Amino acid sequence: GESVGLHLPTLSVQEGDNSIINCAYSNSASDYFIWYKQESGKGPQFIIDIRSNMDKRQGQRVTVLLNKTVKHLSLQIAATQPGDSAVYFCAETADNYGQNFVFGPGTRLSVLP
Amino acid sequence: ETGVTQSPTHLIKTRGQQVTLRCSSQSGHNTVSWYQQALGQGPQFIFQYYREEENGRGNFPPRFSGLQFPNYSSELNVNALELDDSALYLCASSRDTRQFFGPGTRLTVL
């Protein structure tokens, strides 16, 4: 399996501020990426995806940016709310059929009142 | 909610036993992928089933096996359980590359 860190990075933001969660991926052949949100005791929840032929994609309150040159992905959450508190994972795959997604180690987002 | 369901929610087994976990995919989805998520880590890909055939496998030993049924539901079987198999087991269903996860089964091996 892939190597992942045991210590989860944490990002604390004030309610109403914007959040930026970063992810570095390792496989230059990866061409499809998904951001997931995982709340305690639940399965990962799909947030937004992006293909490698795009640099940016926007959803409701979320934006994903992809920089293929430095193999970096970011998730921006606008006007962060308490309900956004969770662990966020990026996932990458180089497979056209969506096999073998490789997940990053995750970032814990804490929204402060 | 994604429409992906898993059973049971929690399970406790002892080392050496065998376990079967079940997953019902979202309506219209013909592909099921299984992941293992250890505490504090991201999910790791076990294997994927498409139209009842294994369609890709991660770095897991043969004692991890699976099935997919004509209605696209799926089972994950783990033989000769080891302590390190304790984890949250997730299934994800998809019709294309976009995967949607179920709530998971928490397996504890004593």
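Order of the sequence lines fixes the chain letters, A, B, ..., with proteins taken first and strands second; residue numbering starts at 1 for each chain. Remember, it's a predicted structure, so these values are computed and weren't measured experimentally. What's counted below: heavy atoms across the whole structure, side chains too, no hydrogens, waters or symmetry copies.
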Under 4.5 Å, counting heavy-atom pairs only, tell me which of A/P44, A/G43, A/G41 racks up the most with chain B.
A/P44

State plainly whether one hydrophobic cluster holds both B/Y50 and B/F101, where clusters connect Ile, Leu, Val, Met, Phe, Trp and Tyr through side-chain heavy atoms under 4.5 angstrom apart.
no

Residues, nucleotides or ligands: over 12 heavy atoms within 6.0 Å of B/R95 CZ:
no

Are B/F69 and B/V32 in one and the same hydrophobic cluster, where Ile, Leu, Val, Met, Phe, Trp and Tyr link if side-chain heavy atoms are under 4.5 Å apart?
no

Pairs under 3.5 angstrom only: tabulate donor-acceptor contacts from the side chains of residues 101-113 of chain A to other protein residues two or more places apart or in another chain.
none

Examine whether an atom of B/I46 lies under 4.5 Å from a heavy atom of chain A, and if so say whether it belongs to the side chain, the backbone or both; otherwise answer neither.
neither

Grouping I, L, V, M, F, W and Y whenever their side-chain heavy atoms are under 4.5 Å apart, do B/F45 and A/F33 come out in a common cluster?
no

Close side-chain approach of B/R57 to A/N100, heavy-atom, < 4.5 Å:
no

If hydrophobic clusters are built by linking Ile, Leu, Val, Met, Phe, Trp and Tyr wherever their side-chain heavy atoms come under 4.5 Å apart, do A/I20 and A/Y36 end up in the same one?
no

Nearest atoms (heavy-atom pairs only) where B/T97 meets A/I34
O-CD1, 4.1 Å

At under 4.5 Å between heavy atoms, what parts of residues 14-22 of chain B are in contact with chain A? List them by residue number.
none

To the nearest 0.5 angstrom, please state how far the CG atom of B/L90 sits from the CD atom of A/Q38.
6.5 Å

Is A/I48 linked to A/I50 within one hydrophobic cluster, defined over Ile, Leu, Val, Met, Phe, Trp and Tyr using a side-chain heavy-atom separation of less than 4.5 Å?
yes

Can you say whether B/Q6 sits under 4.5 Å from chain A via the side chain, the backbone, both, or neither, judging by heavy atoms?
neither

Within the structure provided, determine whether A/Q45 and B/F100 are in side-chain contact (heavy-atom separation under 4.5 Å).
no

Any non-hydrogen side-chain atom of B/R98 less than 4.5 Å from a side-chain atom of A/F46?
yes

Which residue pairs satisfy the ring-ring contact (aromatic ring centres under 6.0 Å, His included) criterion with at least one member in residues 63-93 of chain A, sequence neighbours excluded?
none

Which residues in residues 70-83 of chain B have any heavy atom lying under 4.5 Å from a heavy atom of chain A?
none

